[in-house]
Amino acid sequence: MASKQITFAGIFFFSWVVILSSFISKSLEAQTAAEPSENFQLQTYLTEEQALALVFPDCDDIATEVITMSHEEKNDLEKLLSRRLYEDGFKVYLGKKDGVIQGYAIITEEIGKFHPFTFIVGVTPKGKIKDIAVLVYRESRGGEIVKKRFLYQFVGKSFKNPIRINKDIINVTGATMSVQYLCAGVRKVLAVINEYYLNGKKAENSATHTNEPAVIPQKTEPIHSANTSQNANNRVARAQKGAEQSKRETGRSEGASSEVKMVKQTRMIMGTFAEVSVYSKDEKTAGQGVEGALNEMERMDRIMSNYKKDSELSQLNKNAAKAPVTCRGELLDVIERSQYYSGLSGGAFDITVSPVVALWGFFREKGRVPSDKEIERVLPAVSYKNIVIQKSADPKKPDTVFFKNTQTQIDLGAIGKGYAVDKALEIIKKYGINNACINLGGNIYVLGTSPGKTAWKIGVQHPRNKEEILGYLELKDEATATSGDYERFFEMNGKRYSHIINPLTGRPVTGTIATTIVAPTGTEVDALSTSLFVLGFEKGLDLVKKFPNVHAMIIYEGNDGKIMVAMTKGFADKFKKTPVKGEDDVKWHVVASN
Ligand code: AMP
Ligand code: MG
């Protein structure tokens with residue numbers, strides 16, 4: 001039998017599910033080892049900006065570059081480190097003074113005992129650790145590892161040092177797993193910087209960063225990827241991102257002025273990168289808006305996460321089959337909206353699909369083909385009709401949710417990110433901001449435009465070549481998202497099994513390769529991209545026709561092995577095709593719809 005492997009085709013902005021799954025796979029195990037209640041405790045020690053100021057104290061410029069790894073490169077790195085990596089790419093910060101590189105840094109995450117912690121490792125141009133600090137720690141125990149008196153042990157070490165717990169690094173009692181993963185995470189950073197910037201073989205020839213101008217003039221427009229995996233961006237796009245990031249981080253534009261500035265911040269939320277950029281003349285308000293938007297998305301994660309035991313969703317999943325459970329606010333709202341899309345899509349979109357997703361091993365990074373019997377056994381639990389929402393007529397009595405099947409579970413992986421983007425947008429608007437881009441793992445909303453431009457440009461990834469984009473969308477005051485069979489899948493006996501499941505059969509959808517939606521809200525694009533993926537070309541278009549403001553691109557397998565790209569008219573109007581390699585294998589057609 002061919003070897004099993006879940007492949008994560010997705011780079012810089014990892015999809016929620018990708019990372020979440022790597023977190024889940026550990027946290028589920030950990031949870032069975034009984035995570036103490038109240039263990040989750042968010043402790044933020046440094047913002048990204050503070051962390052960068054710490055590792056690059058004397059720099060007058062901080063540029064960023066994104067390394068996207070091919071499969072082979074990822075395999076090489078995994079072999080070098082003797083471990084699996086959840087990342088497909090890294091964002092590297094380059095501290096500069098008078099144009100000369102003073103050091104490199106990566107902000108990354110590893111899981112401690114139950115939850116991920118975020119830390120920065122700063123490295124000198126000679127590859128030695130200059131500084132290391134924890135930005136966010138999420139457990140009530142093991143906090144000792146954030147202390148300087150523990151972290152100083154790493155300073156001066158380089159990739160040549162093995163950095164082993166109890167041998168090279170003195171352990172902290174009660175935080176063994178965090179220390180172990182910190183050691184591994186530090187090695188990971190050193191390996192990346194070594195391989196891509198210092199002595200490593202890729203340092204000379206990697207297309208990911210060499211010869212890229214560190215700063216591109218502001219007049220160039222930012223390109224964001226419409227895909228959950230941001231790797232579609234070409235080198236120019238990466239350099240542009242670097243340029244934008246560097247502008248903010250260097251703080252070259254001090255104080256208030258009539259000049260429009262960009263404030264941008266990236267955080268890890270819902271297991272993926274959340275990035276909010278704002279253009280404004282008022283830098284202070286822009287900063288508050290960015291912070292507020294990110295905080296709001298974090299709040300959504302605390303409500304909707306199905307791997308945080310204390311989230312409202314986890315509590316609902318635990319209890320709703322026993323008796324009706326009180327449900328309110330955003331959780332009730334997102335469940336109701338999910339039900340709406342389930343109804344409209346004839347059950348193609350279904351948030352109760354998770355027991356089947358679990359059967360196929362997608363939550364545990366271990367793809368497997370379940371037997372027909374196994375699927376039959378859980379399939380009755382999979383139906384949005386098993387969710388009973390009881391709205392109370394009496395305002396004093398709460399609304400409730402009840403599951404009709406004892407195995408029913410809700411997973412908001414196909415709608416939660418888009419919903420969170422909408423909530424973040426509300427915050428941005430409250431600050432009076434008119435030009436912003438909110439990107440949560442490829443679920444993107446663009447408000448207004450970047451200065452002097454008529455639209456934001458958003459790259460759409462080539463589904464079979466992650467180094468390429470098919471083209472880009474020009475959007476303004478709209479949202480976009482993509483669902484793709486390349487985001488998360490495993491292959492067995494030459495067959496690809498993707499993470500999007502047909503709820504009616506309990507089996508991964510075949511035939512559809514990717515769907516990209518443009519619509520007025522994040523919730524719509526997220527829910528509809530998944531729905532169309534399940535429905536496929538013809539039925540998918542029928543669904544799109546029900547929404548006048550929804551535009552779609554559906555990429556599917558043609559009979560002759562060709563990649564068929566269908567766009568609705570409205571989509572084609574916003575889309576600019578770029579030349580792609582192997583053009584003959586791709587067949588384009590515009591359909592007369594919306
Ligand atoms: P997305 O990337 O937004 O298309 O969401 C895909 C994720 O949603 C998967 O990884 C599953 O966790 C979940 N999912 C899979 N199939 C479905 C479906 N038919 N309806 C709703 N959620 C699904
Ligand atoms: Mg979706």
Side-chain angles (χ1 to χ4, degrees), residues 6 8-10 13-24 226-229 270-272 304-307 313 334-335 337-365 367 379 382-384 387 409-422 440-444 461 463 479-490 497-510 512-517 519 521-536 539-540 543 552 554:
I6 292 238
F8 302 117
F13 279 161
F14 322 92
S15 92
W16 176 10
V17 283
V18 171
I19 304 261
L20 191 58
S21 72
S22 68
F23 288 168
I24 283 170
N227 202 287
T228 47
S229 42
M270 295 186 178
T272 187
M304 294 182 208
S305 167
N306 61 351
Y307 81 103
L313 178 63
V334 76
I335 293 173
R337 286 170 195 242
S338 301
Q339 296 293 77
Y340 167 75
Y341 290 107
S342 295
L344 276 181
S345 66
F349 181 87
D350 197 320
I351 54 171
T352 65
V353 82
S354 72
V356 194
V357 177
L359 258 193
W360 287 87
F362 285 108
F363 286 142
R364 288 184 167 266
E365 281 184 51
L379 213 47
V382 178
S383 169
Y384 67 100
I387 303 173
Q409 293 281 289
I410 290 178
D411 162 23
L412 297 169
I415 191 170
K417 290 193 294 304
Y419 185 85
V421 165
D422 289 340
L440 180 53
N443 289 262
I444 297 170
Q461 185 180 335
T480 183
T482 294
S483 294
D485 73 350
Y486 49 85
E487 287 166 350
R488 211 166 147 229
F489 64 95
F490 68 91
Y497 298 94
S498 103
H499 66 129
I500 300 179
I501 305 281
N502 183 338
L504 305 176
T505 63
R507 287 169 173 82
V509 173
T510 53
T512 313
I513 297 172
T515 46
T516 299
I517 304 288
T521 69
T523 308
E524 278 170 299
V525 293
D526 199 358
L528 288 174
S529 65
T530 312
S531 308
L532 258 69
F533 192 97
V534 178
L535 291 169
K539 287 187 186 155
L543 179 60
I554 306 180

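Note that ligands are numbered from 1 as they come in the structure, with each ligand's atoms numbered from 1 the same way.
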Any N/O/S atom, backbone or side chain, of A527 lying under 2.8 Å from the Mg ion (ligand 2)?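 For A527, the answer is no, given that no N, O or S atom comes within less than 2.8 Å of the Mg ion (ligand 2).
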Just checking: T530, one of its N/O/S atoms, less than 2.8 Å away from the Mg ion (ligand 2), yes or no?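 T530 does place an N, O or S atom closer than 2.8 Å to the Mg ion (ligand 2).
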Under 3.5 Å: donor-acceptor pair, side chain of [X], backbone of [Y]:
| X | Y | result |
| --- | --- | --- |
| R507 | T505 | yes |
| D350 | Y384 | yes |
| T515 | S529 | yes |
| S531 | F349 | no |
| T482 | T516 | no |
| T352 | S383 | yes |
| S354 | V357 | no |
| D422 | G522 | yes |

Does [X] reach ligand 1 with a nitrogen or oxygen that is under 3.5 Å from one of the ligand's nitrogen or oxygen atoms?
| X | value |
| --- | --- |
| V534 | no |
| T530 | yes |
| I501 | yes |
| T482 | no |

Please identify which atoms of ligand 1 are closer than 4.0 Å to at least one heavy atom of [X].
| X | result |
| --- | --- |
| A348 | 18 (C), 19 (N), 20 (N) |
| D411 | 11 (C), 12 (O), 13 (C) |
| I500 | 4 (O), 15 (C), 16 (N) |

Could you check whether any heavy atom of [X] sits closer than 4.0 Å to an atom of ligand 1, since that is the contact criterion I want to use?
| X | result |
| --- | --- |
| P503 | yes |
| G418 | no |
| F533 | no |

What part of I415, side chain from CB on, backbone N/CA/C/O, both or neither, has a heavy atom under 4.0 Å from ligand 1?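 The answer is neither.
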Tell me the contacting part of S529 for ligand 1: side chain, backbone, both, or neither, using a 4.0 Å heavy-atom threshold, strictly below.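 Neither part.
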Do you know which two heavy atoms are closest between G506 and I501, and how far apart they sit?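 Scanning both residues completely, I find the closest heavy atoms to be C-CG2, 3.7 Å.
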